[in-house]
Engineer: 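The following block contains the structure, expressed as structure tokens.
A, B, ... follow the sequence lines: proteins, then strands. Residue 1 opens every chain. All values reported here derive from a predicted model rather than from experimental measurement.
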There are 4 protein chains.
Amino acid sequence: MRVTRGNTGDTSEPAQRSLAASARRSQIVAAAIETIAELGYAQASFARIAERAGISSTRLISYHFGTKDELMDEIVVEIAQSADRMIAERVAEQTTAAGALHARIKAQLHWIARYPAHVQALYEISMNARGSDGSLRYGMAASARANVDALEPILREGQRSGEFRAFDTQLMALTIKSAIDAAIVRMWQPPRLSVEECVQEITTIAALATRRSS
Amino acid sequence: MRVTRGNTGDTSEPAQRSLAASARRSQIVAAAIETIAELGYAQASFARIAERAGISSTRLISYHFGTKDELMDEIVVEIAQSADRMIAERVAEQTTAAGALHARIKAQLHWIARYPAHVQALYEISMNARGSDGSLRYGMAASARANVDALEPILREGQRSGEFRAFDTQLMALTIKSAIDAAIVRMWQPPRLSVEECVQEITTIAALATRRSS
Amino acid sequence: MRVTRGNTGDTSEPAQRSLAASARRSQIVAAAIETIAELGYAQASFARIAERAGISSTRLISYHFGTKDELMDEIVVEIAQSADRMIAERVAEQTTAAGALHARIKAQLHWIARYPAHVQALYEISMNARGSDGSLRYGMAASARANVDALEPILREGQRSGEFRAFDTQLMALTIKSAIDAAIVRMWQPPRLSVEECVQEITTIAALATRRSS
Amino acid sequence: MRVTRGNTGDTSEPAQRSLAASARRSQIVAAAIETIAELGYAQASFARIAERAGISSTRLISYHFGTKDELMDEIVVEIAQSADRMIAERVAEQTTAAGALHARIKAQLHWIARYPAHVQALYEISMNARGSDGSLRYGMAASARANVDALEPILREGQRSGEFRAFDTQLMALTIKSAIDAAIVRMWQPPRLSVEECVQEITTIAALATRRSS
DNA sequence: AATGAATGAGTCTTCATTCAT
DNA sequence: CATGAATGAAGACTCATTCAT
């Protein structure tokens with residue numbers, strides 16, 4: 001991992017990205033996501049990303065994004081927004097904690113089913129991108145954190161309202177998030193389950209694991 | 001230019017490793033595990049491994065293991081055996097499926113707590129080691145497969161004996177495995193839970209998710 | 001470990017070489033030819049070529065040519081063109097087969113005398129450059145083939161017109177080509193013969209070996 | 001090419017090879033010849049030779065031969081003796097220069113046809129083996145010299161006796177040697193000529209090129 | 001907004017040879 | 001007669017980044 005020195009020498013890098021990201025930027029981000037998803041983080045060199053993006057020189061990437069880390073930052077944000085757009089609204093309209101939990105699991109699984117490359121890429125990046133000191137740039141659980149952070153309030157609310165039993169909310173949130181990850185494998189590797197089947201199984205497990213014992 | 005042709009090139013690789021792996025081999029494997037766990041797979045170069053092992057030249061590694069892939073193979077086997085030694089016997093003495101499931105979760109979590117570097121390293125290797133065609137050498141779920149394969153028979157037996165309800169055994173196995181992974185995060189990242197607390201939480205969840213509804 | 005996948009790895013190899021090969025490319029090709037001629041193919045490492053070319057890093061070579069094989073391809077083409085430019089026209093103006101044969105031998109020998117390094121380098125490359133399967137990249141007779149292919153039509157025409165006797169045209173072409181190679185030794189190793197003396201001897205031999213017996 | 005330092009340290013290398021070369025030595029020499037013939041000089045590493053010889057360690061090679069150069073020396077001698085045994089006697093019984101020339105060409109071609117690997121290996125070694133100063137260890141024409149040195153006396157005798165016309169005997173010897181080399185290509189690369197056909201063609205050419213004009 | 005040229009550090013692997021026993 | 005262990009040098013090639021225009 002290279003020591004990032006300030007790019008003092010460069011004279012003409014676009015100082016502030018325009019509000020509407022340029023087509024070039026999107027093109028590169030898309031190519032990077034595909035490349036990372038397919039070949040893995042370590043193999044996703046500027047050269048291979050450029051090749052997939054159909055641009056002649058890697059210089060365009062560093063021109064638009066500066067360093068590789070900055071490109072990754074943008075990718076992570078892009079993917080997170082993609083998921084949020086699809087998930088948040090479906091949860092908002094729920095009134096009970098159990099309903100919100102169910103809705104969130106369902107929406108999450110549907111997003112995963114729809115954007116497999118995004119899932120893979122986010123995973124690769126969060127597990128491999130490291131700073132110059134060797135530590136993970138996005139944290140080992142970066143891909144998890146967003147989901148966990150969104151799940152925990154639901155769980156706490158369920159406990160407060162009496163819908164859910166007592167348990168460690170953070171670990172339960174992690175477990176549900178992990179169960180969703182498990183469903184990814186079940187959806188992608190034969191013998192495959194459908195999205196709906198996974199939703200059925202996971203929501204059942206979540207319900208059993210969280211509800212007050214009768 | 002490289003005439004790829006097995007590793008015939010290595011002058012005199014020890015043809016048959018002695019039954020008790022040499023001290024040097026163990027030393028290198030241990031250093032490699034530590035390096036991978038701390039810095040990640042991509043950063044675990046021969047140079048860094050050699051440095052940690054306290055040997056003068058990277059040549060010693062390729063001398064003993066041939067290629068990096070072969071070193072990784074040995075590490076994976078070593079780690080798997082380490083886990084098996086600790087887990088298998090504790091499960092064997094159980095008579096009920098629920099008991100076996102409980103014992104396995106507990107033993108697994110204790111192994112994880114005891115050998116964190118092994119866990120990390122196995123994870124890094126299985127997620128990053130790739131063959132020349134770009135595919136994962138140990139499969140995306142390699143670190144999972146062993147556990148899943150061990151869990152599923154327990155679940156099926158539980159369904160057969162009537163202890164467990166009906167569910168997709170493979171997905172349930174994956175989910176339990178993932179719940180254990182989730183506990184890893186909970187054990188390692190503050191605010192930390194103790195091993196016993198994790199055992200308590202996870203076994204409860206597993207019991208609730210699998211038992212016949214009353 | 002190496003993910004062999006074309007030379008996608010090179011960050012930004014110049015996509016399309018400008019029509020007039022850049023000065024740098026020519027400089028490197030020239031240095032490579034000299035190095036190969038003097039030290040032999042196996043010793044002509046990027047490091048030694050770079051040193052002779054007076055460039056700071058071997059990276060410049062792989063930047064401009066990608067791989068060593070591609071550099072060799074360029075050298076071979078360059079040398080072949082050099083020879084063709086000098087030889088073809090002198091043969092074209094001949095009207096008889098005997099005349100053409102004589103002209104070709106003469107032109108070939110003059111080219112050899114003038115570009116000894118090119119001759120040596122072409123020889124070294126064709127005899128040593130090998131593909132990943134171990135086979136010769138340019139064929140054992142690559143340096144010969146061009147000459148043989150040029151000679152054979154002349155010989156066949158001579159037989160057709162009745163100037164020449166019956167013989168195996170391919171073997172005769174090979175023999176004449178080899179006789180020219182023999183003259184190389186005679187020109188370069190003491191006691192030396194002059195180019196003209198060699199022309200005289202070889203054309204005499206060729207004439208005697210091909211003409212219709214009286 | 002490594003600077004050969006005296007092997008002062010080694011305590012037990014066989015000081016003088018026994019008169020009858022040991023079976024091990026022959027085995028290694030044979031494996032080396034095959035390896036060089038098939039893969040080329042540069043690829044004929046100790047490791048690959050050992051592999052083909054079926055011995056476990058390259059140490060055996062350096063044990064028996066000291067350095068690679070010494071192994072090559074032995075190979076060259078071995079091959080030269082092989083050829084001499086087969087050729088010399090057939091020439092000796094000739095009484096005329098033309099007869100001797102004919103006999104030598106024939107015997108040479110038959111040896112080539114019979115020991116193709118020896119031919120290839122000798123060629124590879126003479127063209128590639130270099131000393132620490134970069135110069136060819138056996139000379140560019142090493143494989144040629146023996147034949148040339150044997151041919152020239154025949155040619156001079158033929159000129160003295162009046163059988164042959166005036167020509168540069170050294171160049172003629174080289175040319176005939178080269179014509180034989182040409183026949184190698186003709187014998188080994190399709191469309192193939194038989195040995196006898198090659199003998200016929202080459203001896204005809206040699207006769208036409210050398211005899212007194214009528 | 002884009003591009004060509006250049007670069008130094010780093011990767012794994014291969015090499016013949018030497019030190020021990 | 002044989003072998004296991006170790007080694008330093010060198011190989012081609014890949015990497016993200018910077019300098020120019």
Side-chain angles (χ1 to χ4, degrees), chain A residues 1-5 7-14 22 24 42-43 45-48 55-64 66-69 71, chain B residues 1-4 7-15 18 22 24 42 45-47 55-64 66-69, chain C residues 1-4 7-15 18 22 24 42 45-48 55-64 66-69, chain D residues 1-2 4-5 7-14 22 24 42-43 45-48 55-64 66-69 71:
Chain A
M1 194 52 49
R2 225 155 284 271
V3 175
T4 314
R5 20 216 201 293
N7 53 353
T8 57
D10 207 342
T11 57
S12 61
E13 188 165 330
S22 78
R24 259 294 148 70
Q43 283 70 41
S45 65
F46 276 16
R48 274 190 266 258
I55 56 182
S56 62
S57 165
T58 62
R59 184 64 183 83
L60 256 91
I61 304 178
S62 53
Y63 171 70
H64 279 290
T67 69
K68 191 166 191 178
D69 286 347
L71 171 58
Chain B
M1 185 62 15
R2 201 170 299 274
V3 179
T4 315
N7 61 348
T8 62
D10 203 350
T11 331
S12 58
E13 187 174 329
S18 49
S22 80
R24 258 293 149 67
S45 64
F46 275 16
I55 56 181
S56 60
S57 161
T58 63
R59 182 63 184 82
L60 222 67
I61 304 178
S62 54
Y63 170 68
H64 279 289
T67 69
K68 194 166 188 175
D69 285 348
Chain C
M1 182 65 11
R2 201 171 298 274
V3 178
T4 316
N7 60 349
T8 63
D10 205 348
T11 331
S12 60
E13 186 174 330
S18 48
S22 79
R24 259 293 148 70
S45 65
F46 275 16
R48 272 191 265 260
I55 56 182
S56 60
S57 161
T58 63
R59 180 64 183 81
L60 224 69
I61 303 179
S62 54
Y63 170 69
H64 279 289
T67 67
K68 195 166 187 177
D69 284 349
Chain D
M1 196 50 53
R2 225 157 284 270
T4 313
R5 20 217 201 292
N7 54 352
T8 57
D10 206 345
T11 55
S12 61
E13 190 165 329
S22 78
R24 259 294 148 71
Q43 283 70 39
S45 64
F46 274 18
R48 274 192 263 260
I55 55 182
S56 62
S57 166
T58 61
R59 185 62 182 81
L60 256 88
I61 304 179
S62 53
Y63 171 71
H64 279 290
T67 70
K68 191 165 191 178
D69 286 347
L71 171 59

Engineer: Can you tell me how far C1' of dT13(E) sits from CZ of F46(D), to the nearest Å?
Structural biologist: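 After rounding, the gap between these two atoms is 19 Å.
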Engineer: So, using side-chain contact (heavy atoms from CB on, under 4.5 Å) as the criterion, who are the partners of L60(A) when residues are at least two apart?
Structural biologist: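 side-chain contact (heavy atoms from CB on, under 4.5 Å) check on L60(A) returns R24(A), I55(A).
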Engineer: Using the C1' atoms only, state how far dA1(E) lies from dA20(F), rounded to an integer number of Å.
Structural biologist: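 Here dA20(F) and dA1(E) have their C1' atoms 16 Å from each other.
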Engineer: Quick one: OG on S22(A) to NE2 on H64(A), what's the gap to the nearest 0.5 Å?
Structural biologist: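 Between atom OG of S22(A) and atom NE2 of H64(A) there are 5.0 Å.
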Engineer: What's the NE2-P distance between H64(B) and dA5(F), to the nearest Å?
Structural biologist: 6 Å
Engineer: Could you state the atom-to-atom distance from CD1 of I61(D) to P of dT18(E) in whole Å?
Structural biologist: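 The answer, rounded to whole Å, is 14 Å.
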Engineer: Look at the side chain of A47(C) and decide which nucleotide, out of dA16(E), dG11(F), dA5(F), has an atom nearest to it.
Structural biologist: dG11(F)
Engineer: If you assign A42(D) and T58(C) each to the DNA chain E nucleotide with the nearest heavy atom, which residue ends up on the more 5' nucleotide?
Structural biologist: T58(C)
Engineer: Can you tell me how far C1' of dC12(E) sits from OH of Y63(B), to the nearest Å?
Structural biologist: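 Going from Y63(B) (OH) to dC12(E) (C1'), I get 19 Å.
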Engineer: With a non-hydrogen cut-off below 4.0 angstrom, is S57(B) in contact with a base, only sugar-phosphate, or nothing?
Structural biologist: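 The answer is base, as S57(B) lies within the cut-off (heavy atoms under 4.0 Å) of a base atom.
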Engineer: How long is the straight-line distance from OG1 of T58(B) back to NZ of K68(B), given to the nearest 0.5 Å?
Structural biologist: 11.0 Å
Engineer: Write down the atom of I61(D), the atom of F46(D), and the distance for their closest heavy-atom approach.
Structural biologist: CD1-O, 3.5 Å
Engineer: For the side chain of S56(C), starting at C-beta, report the closest nucleotide among dT7(E), dC13(F), dG8(F).
Structural biologist: dT7(E)
Engineer: To the nearest Å, how far apart are R48(C) CZ and dA9(F) P?
Structural biologist: 15 Å
Engineer: Does S62(D) have a side-chain nitrogen or oxygen under 4.0 Å from the phosphate oxygens OP1 or OP2 of dT17(E)?
Structural biologist: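 False: S62(D) side-chain N/O out of range (4.0 Å or more) of dT17(E) OP1/OP2.
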Engineer: Please compare L60(C) and K68(D) by the position of their nearest nucleotide in DNA chain E and report the one closer to 5'.
Structural biologist: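 The residue mapped nearer the 5' terminus is L60(C).
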Engineer: Phosphate oxygens OP1/OP2 of dA2(E): is one of them under 4.0 Å from a side-chain N or O of R24(A)?
Structural biologist: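 Yes, because at least one side-chain N or O of R24(A) sits under 4.0 Å from OP1 or OP2 of dA2(E).
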Engineer: Calculate the interatomic distance between I55(A) atom CD1 and dA1(E) atom C1'; express it in whole Å.
Structural biologist: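 Taking CD1 of I55(A) and C1' of dA1(E), I get 13 Å after rounding.
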Engineer: Can you give the dot-bracket line for DNA chain F, using ( ) for pairs inside the strand, [ ] for pairs that cross earlier ones, | for pairs with another strand and . for unpaired bases, where Watson-Crick and G-U count if both distances are under 3.5 Å?
Structural biologist: .||||||||||||||||||||
